[in-house]
Every structure is written in C-alpha cells, then in structure tokens.
Amino acid sequence: MQALNLTPQFSPRQPQRADGLTAITLGRAPRCASALNALLDSGMLRTLRAACGLDALVDALRQQDADLVVCDVSGAAPEGLLVPARLKCEVDEGRLPRMPAVLWISELPRCVLDAYASGLRAAGAVIDIVRSAAFIPASLSRFAQWRTPAQQPLPAAAFSDEDLILALGGKDGLRVVLQPQVDLATGRILGAEALARWRHPLAGDVPPSEFVQAINRLSMDPMLFHFVTERVLDVQAQLAAHGLALRLSVNASVSTLSAPGVAPSLEARTVERGIDPGLITVEITEDEAIQDKTALEAALRRLRACGFGVSMDDFGTGASTLERLTRLPFSEIKIDQSFVRRLPSDPASHAVVSAAMGLGRAMGLAVVAEGIETDEQARQLHLLGCRIGQGFGLGRPMEVDEFVTKVLTASAPATRHHPRQTSP
Ligand code: C2E
Ligand code: MG
Ligand code: MG
C-alpha cells in the first residue's frame, strides 16, 4: 500500500480483540502516539495505520476500510478539519463504501470546532472532539458503542465529564424547555416548569436524570441553576413585554440552594431585571440528604422573604417529607407522579393524594399534581380539590418559543391578570 506511511510504533502487541476498532491517523500524529499505542495494547484498537495527507488517507481507506480517522488538528496542521467533508464527498460519489467516524484532537476553541462540525454532523458525519490525547480513550469508548451492527447513535450514557463541562461553560447543546402547568377546571395555562435538556453531539439527547446527576457529582450544579434561571428570566421579560404574568418554576437540588451566593444571585438578577419574584418558584427535590440544614433553611427563608415560591418536588417520595415540610418554608407541594399514575386504580394512592390536599389546605400551600397522562387522572384530582396540574396529557415539555407563542395566542386577555398567589 504505497500511500500508507505506517509508523513503526503502531503495531499490536497483544492478541487482537475481535471487537477492537480499526483506526487510521492523518499524519503520524506524534502527540497521540503513546495514547494510541496504549489502546492497541489494551485491544480497544484492533488495527492502526497512518496516512500522510488527504489523498493518501482516501487511498488507504479505499484499500482497507476503517472505523475511525484520528486527526490531530492544530493551528499549524488544520488539514484534519477537511477530513469529514472530503470523506463525505468520496462516499457520495461512490469512491468509498462508507464514512468512518472522525476524531479531532484539538486545542482550538470548542465552539469554533463545533460550529464547523455542526453542518457536517447534520449531513450524517460522526465527529467527536477532544482537547488532548488524554481524552482519546473516553472518545474511543463512545465510538465503540456507536459502532453497533446497525451503526446506531450512541446510547445516552456515552458522554464524558469534559463534554458536560464544555456544555455548561459554553452552553453548547444545553437548553431549557417548558412544560405547561394548567388550571384543571378550565384548561388555562397558569405557568410552566423549566426543564433542562442536553443534546450531545454524538449521543444525541441525554436524559436529565443522567446529566443532572453527573453535574451534581462534579459540583457544577450552581452553574446549571444559573443557566436555567437566566433562561427563565429571559422568558419572564418576554412575557412581561406582552403584559403577561405567568409563574415559572425551576428545579434545584438541596446542595445547589445551600451553596453560598446562589439564592442572593437569583434575587439580585430577578430584581435587576424588574421581574416580580412571585412569578418564580424554585422546586426542590426530596431525593437528596440535607448536608447543611442551616444553610438551606437560610437560603429558603431568604427566597421566601423576597417573594419567590418554594416547592417541594416529588412530594411523598422522600424519607423525611413531613419533617421537611414543617421545618422549611415551602409555599407549594408537588404531588409525585407515581401517586397520580395509580390514582384511578389504587386506593392507597388515592389516600395519599387526598392527604396531600388536606395538608396543603391546612398549611396554606398550593398543591400541584404532576405526571397527569389521562382525563380520568385529571378528573379525580379535580374532584379531590387539586387546582393545578402538569403532565403529558395536558402538555408535553416544549421549546421556549413554542410555549411563548402558545400563551400569547391562547386568549390573551384571560391570562393578563396576576398569577396565583403563594402563601406567605
Ligand atoms: P421533575 O422536576 O420531577 O420534573 C418532572 C419530570 O417528569 C420531567 O422529566 C417531565 O418531563 C416528566 N413528566 C412530566 N409529565 C409527565 C407525564 O405525564 N408522564 C411521565 N412519565 N413523565 C412526565 P425530565 O425532564 O426527564 O426531568 C427529570 C428530572 O430531572 C426532573 O424531575 C428534575 O428532578 C431533574 N431536572 C430536570 N431539569 C433540571 C434542572 O434544570 N435542574 C435540576 N437540578 N434538575 C432538573
Ligand atoms: Mg420539578
Ligand atoms: Mg417532580
């Protein structure tokens, strides 16, 4: 294979694994050599070749297919950036049987690389980007999962901490959707819950249950909270410009709110933008143990004193629901969807919902039911006195623009009055 320029160090030293990836580097990629050799040793790579230049790469792939093309892209050697477009052209014109995935190793700004990759990805190219050779093994794990028989997209868990950090820092792929909360008697939209969404360039949509947990593990939850609340404040400003006042909820973990500065920052940003804090509710999930009770209590009292709502999310699923309810200054409880789902068929769930309604009344708390999927669930909740509902049966989470358009077009005069009040 004349076009190939095999580097002597790229040779398997262990028995080859049948499931190992076949790879080819553009150029000798000296900065990646030791990482790639280690992957050959481990068997994660089955074969590794090198080709000097784009034409040589195409010739090499024509002679022998590869799963992956590795390109060390630097300011001095940007040729790797051309690889996906060139390979796509070769495939489109029938000169190559398939398009290998491409890995860019580059210290260039991620946003620049992503902007460049996005059109190619939209055209079907699989491109992963890492900052240094140290991240090659993680990337190869993702490719190995991608290269299933059907060349399926990556499973949701296939993202690295680095991907998440970049998404949080650059807001790349991270966005907020809004799920309506409606008046169960009239169907009118009263507000919405903001839910974070993350689309990974390779893995596609990653479930919040996975990336929120990873963000918490990295202690980057205040950044997520900041990102989501900024988006919610933007929406509030947009609604206010049309004379609309709807209440929007944001999620926060216990540790996020206990972190110094998080509650004061929300307060300052809300006031600075002239937005009524009563239009924002912070939902706290019950699933996390409270490490610093004093800090959490102080933060919640501060938020409540300022006028924000504070909701106990997933009510009934935590270990110390009632203890927290009496100690912390909630303004709302959100009945967990597991009780709502079983409401029509399970007397115990019916009793829990009924008890939650009673607690809400006795303590002056708003009660929201979540996870409403059927008319029967909505009907029974209404009969039990629940006024506000959220669920796929009432409205799926939707893009912010769609939500704003929906509320603007939905009988604007009816929505142009003050939102429901939360108890002091
Ligand atoms: P959550 O706060 O309890 O949010 C409600 C979840 O139930 C959402 O899932 C929503 O899409 C889903 N849901 C709503 N209606 C229905 C329904 O009728 N049926 C079913 N089966 N599900 C329904 P999602 O968006 O996947 O979020 C899961 C959890 O991730 C959230 O639960 C929340 O705890 C967390 N999360 C989402 N966004 C954020 C965020 O920005 N910050 C934090 N800290 N957590 C977030
Ligand atoms: Mg919630
Ligand atoms: Mg919930």
Side-chain angles (χ1 to χ4, degrees), residues 167-182 189-199 208 211-212 215-216 220-254 256-257 259 261-285 299-300 302-304 306-313 330-332 334 366 368 370 388 390 394-408 410 415-416 418-422:
L168 274 170
K171 304 175 179 54
D172 172 41
L174 196 64
R175 68 188 205 284
V176 166
V177 292
L178 294 170
Q179 184 176 28
Q181 294 185 343
V182 307
I189 295 178
L190 300 172
E193 176 177 9
L195 296 160
R197 293 289 179 265
W198 182 36
R199 181 163 295 166
F211 72 80
V212 171
I215 286 172
N216 288 344
M220 297 186 78
D221 42 294
M223 278 176 80
L224 175 66
F225 186 72
H226 189 274
F227 174 79
V228 175
T229 48
E230 277 297 293
R231 201 70 194 91
V232 160
L233 291 172
D234 289 343
V235 177
Q236 286 294 14
Q238 226 177 321
L239 293 173
H242 290 92
L244 291 174
L246 276 85
R247 204 200 50 149
L248 301 178
S249 302
V250 291
N251 289 284
S253 69
V254 159
T256 309
L257 284 180
V262 168
S265 157
L266 175 62
E267 184 185 325
R269 288 180 289 125
T270 306
V271 171
E272 197 176 296
R273 297 178 69 161
I275 291 162
D276 175 3
L279 297 176
I280 294 176
T281 291
V282 181
E283 294 186 6
I284 307 165
T285 42
L300 295 190
R302 177 171 188 151
L303 287 175
R304 293 290 290 121
C306 190
F308 292 94
V310 177
S311 176
M312 181 186 267
D313 203 352
F330 288 103
S331 56
E332 174 185 288
K334 247 185 132 172
V368 179
E370 72 178 333
I388 308 158
Q390 178 185 341
L394 302 168
R396 293 242 168 201
M398 59 186 83
E399 301 300 327
V400 163
D401 289 348
E402 192 186 344
F403 178 80
V404 172
T405 307
K406 200 176 171 72
V407 294
L408 285 179
T415 49
R416 283 177 204 194
H418 224 262
R420 77 175 186 271
Q421 298 293 312
T422 50

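- Taken to the nearest 0.5 Å, the CD atom of Q236 stands 5.0 Å off from the CG atom of L279.
- To the nearest 0.5 Å, the span separating CG on L303 from OG1 on T270 amounts to 9.0 Å.
- Under the 4.5 Å side-chain criterion, counting only non-hydrogen atoms from C-beta, F403 is in contact with I189.
- What you find for L408 and L244 is that their closest heavy atoms are CD2-CD1, 3.4 Å.
- Residues satisfying the side-chain contact (heavy atoms from CB on, under 4.5 Å) criterion with A259, sequence neighbours excluded, are P222, V262.
- Expressed to the nearest 0.5 Å, how far CZ of F227 lies from CG of L174 amounts to 4.0 Å.
- For M398 against P180, the heavy-atom pair with the smallest separation is CE-CG, 3.6 Å.
- Taking the side chain as every heavy atom from C-beta outward, L195 and L178 never approach each other to under 4.5 Å.
- Taking CG from D313 and CD1 from I284, the interatomic distance works out to 9.5 Å, rounded to the nearest 0.5 Å.
- Here the side chains of F308 and E267 are in contact, with some heavy-atom distance below 4.5 Å.
- Note: F330 CZ to M312 CE = 4.0 Å, rounded to the nearest 0.5 Å.
- E399 is linked by a side chain to side chain donor-acceptor pair (under 3.5 Å) to R175, counting only residues two or more places apart in sequence or in another chain.
- Residues passing the side chain to side chain donor-acceptor pair (under 3.5 Å) test with E193, sequence neighbours excluded: N251, K334, Q390.
- Scored by the side chain to side chain donor-acceptor pair (under 3.5 Å) test, T256 finds D221, S253 as partners (sequence neighbours excluded).
- Every residue two or more places apart in sequence or in another chain that forms a salt bridge (Lys or Arg N to Asp or Glu O under 4.0 Å) with R269 is listed here: E230.
- Among all heavy-atom pairs drawn from I275 and A237, the shortest one is CD1-N, 4.1 Å.
- Between G309 and R304 the shortest heavy-atom distance is CA-NH1, 4.3 Å.
- The shortest heavy-atom contact between S311 and T281 is CB-CG2, 3.7 Å.
- Here the CD-CG distance, from Q181 to L248, works out to 9.0 Å after rounding to the nearest 0.5 Å.
- When each of V368, I388, V282 is checked for a side chain to side chain contact (heavy atoms under 4.5 Å, CB included) with E332, only V368 meets the rule.
- Taking the side chain to side chain donor-acceptor pair (under 3.5 Å) definition, one finds that R273 meets it with D234, sequence neighbours left out.
- Contact check for L246 versus L190: no side-chain heavy atoms found under the 4.5 Å cut-off.
- Summarising the geometry of G395 relative to Q179, their closest heavy-atom pair is O-NE2, 3.1 Å, with the distance given to 0.1 Å.
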